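Not measured: the values here are computed from a predicted model. When a residue number appears, it is its place in the shown sequence, counting from 1.
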Amino acid sequence: QVQLVESGGGSVQAGGSLRLSCVVPGYTYSRRCLAWFRQAPGKEREGVAVIYTGGSSRYYADSVKGRLTISQDSAKNTVYLQMNSLEPEDTGMYYCADRPLAYESLCRIEGLDFSNWGQGTQVTVSS
């Protein structure tokens, strides 16, 4: 099973920024759909952004559009989630997850089962 490793979480005040990182083992980096999820206390897990490794497509949940940006550095086998203008509602555990996927057009937030998950990194936004 692929081991994903997240980092970059922390505590910030509202309006601040954080950048999360997710390292994907090199031998598995190509042709995968990689997503960031988050789960706030007492709430269901929510997919916030996806990217196709080596591709250009990105999709975001409506709740984060314009504030969160997913990107990748293929040379480092790393996917990032840049989070700006953070709000207390963004507080939660953030996980990266991925799965092999043959076609970039199928890489979406909804309707996919992700087989590999990281341990998560905590983000806390105070008002």
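Classification of the Phe37-Trp117 ring pair by plane angle, with boundaries at 30° and 60°, yields tilted.
Tyr95 places no side-chain N or O within 3.5 Å of a backbone atom of Gln39 that could act as its donor or acceptor partner. Although no hydrogens or angles enter the test, the distance criterion places a donor-acceptor pair under 3.5 Å between the side chain of Arg58 and the main chain of Ile70. Although no hydrogens or angles enter the test, the distance criterion places a donor-acceptor pair under 3.5 Å between the side chain of Thr53 and the main chain of Arg31. Thr124 places no side-chain N or O within donor-acceptor distance of the main-chain N or O of Ser11, the cut-off being under 3.5 Å. A donor-acceptor pair under 3.5 Å is formed between the side chain of Glu104 and the backbone N or O of Ser56.
In this structure, Tyr52 is a member of the same hydrophobic cluster as Leu106, with clusters built from ILVMFWY side-chain heavy atoms closer than 4.5 Å. Residue Tyr60 is grouped with residue Tyr94 when hydrophobic side chains (ILVMFWY) are merged at heavy-atom distances under 4.5 angstrom, including chains of intermediate members. Clustering ILVMFWY residues whenever any of their side-chain heavy atoms sit less than 4.5 angstrom apart, transitively, puts Val48 in the very cluster that holds Val12.
For Arg99 and Phe114, the positive end is not near the middle of the six-membered ring at less than 6.0 Å and at most 45° from its axis.
For the atom pair Gln72 CD and Cys22 SG, the distance stands at 11.5 Å (nearest 0.5 Å). Summarising the geometry, atom OG belonging to Ser74 is positioned 12.0 Å from atom NZ belonging to Lys76; distances are rounded to the nearest 0.5 Å. Taken to the nearest 0.5 Å, the CH2 atom of Trp36 stands 7.5 Å off from the OG1 atom of Thr121. Put simply, CZ on Arg38 and CD on Glu44 are 13.5 Å apart, with the number rounded to the nearest 0.5 Å. A distance of 9.5 Å separates SG in Cys107 from CG in Asp98, rounded to the nearest 0.5 Å. Note that OH of Tyr103 is 15.0 Å distant from OG of Ser57, once rounded to the nearest 0.5 Å.
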### Query
Would Gln3 and Asn116 count as a side-chain contact (heavy atoms from CB on, under 4.5 Å) if you check the C-alpha gap in whole Å, the side-chain angles of each, and the deciding distance to 0.1 Å?
CA-CA 7 Å; Gln3 182 66 49; Asn116 302 307; over 6 Å; no
### Task
Output, in order, the C-alpha distance, side-chain angles, deciding distance and verdict of side-chain contact (heavy atoms from CB on, under 4.5 Å) for Met93 and Val123.
CA-CA 6 Å; Met93 187 70 77; Val123 172; over 6 Å; no
### Task
Decide yes or no on side-chain contact (heavy atoms from CB on, under 4.5 Å) for Asn84 and Leu68, but give the supporting numbers first.
CA-CA 6 Å; Asn84 298 327; Leu68 274 57; over 6 Å; no
### Query
Are Cys96 and Leu34 close enough, and set up right, to give a side-chain contact (heavy atoms from CB on, under 4.5 Å), and what steps lead you there?
CA-CA 7 Å; Cys96 65; Leu34 194 141; 4.2 Å; yes
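There is no side-chain donor-acceptor pair under 3.5 Å between Gln13 and Ser126. A side-chain N or O of Glu46 and one of Ser63 form a donor-acceptor pair less than 3.5 Å apart.
When each of Thr69, Asp73, Ile51, Leu20 is tested with Tyr80 by the rule side chain to side chain contact (heavy atoms under 4.5 Å, CB included), just one qualifies, namely Asp73.
When side chains are defined from C-beta on, Ser71 does not count as touching Gln82, because their heavy atoms never get closer than 4.5 Å. In this structure the side chain of Leu112 reaches within 4.5 angstrom of the side chain of Leu101, judged on heavy atoms. Contact annotation: the side chain of Gln122 approaches that of Thr91 to within less than 4.5 Å [non-hydrogen atoms, C-beta and beyond].
Minimum interatomic distance between Pro88 and Ser127 (heavy atoms only, all atoms of both residues): CG-CB, 3.9 Å.
Surrounding CD of Gln119 are at most 12 heavy atoms belonging to other residues, nucleotides or ligands under 6.0 Å away.
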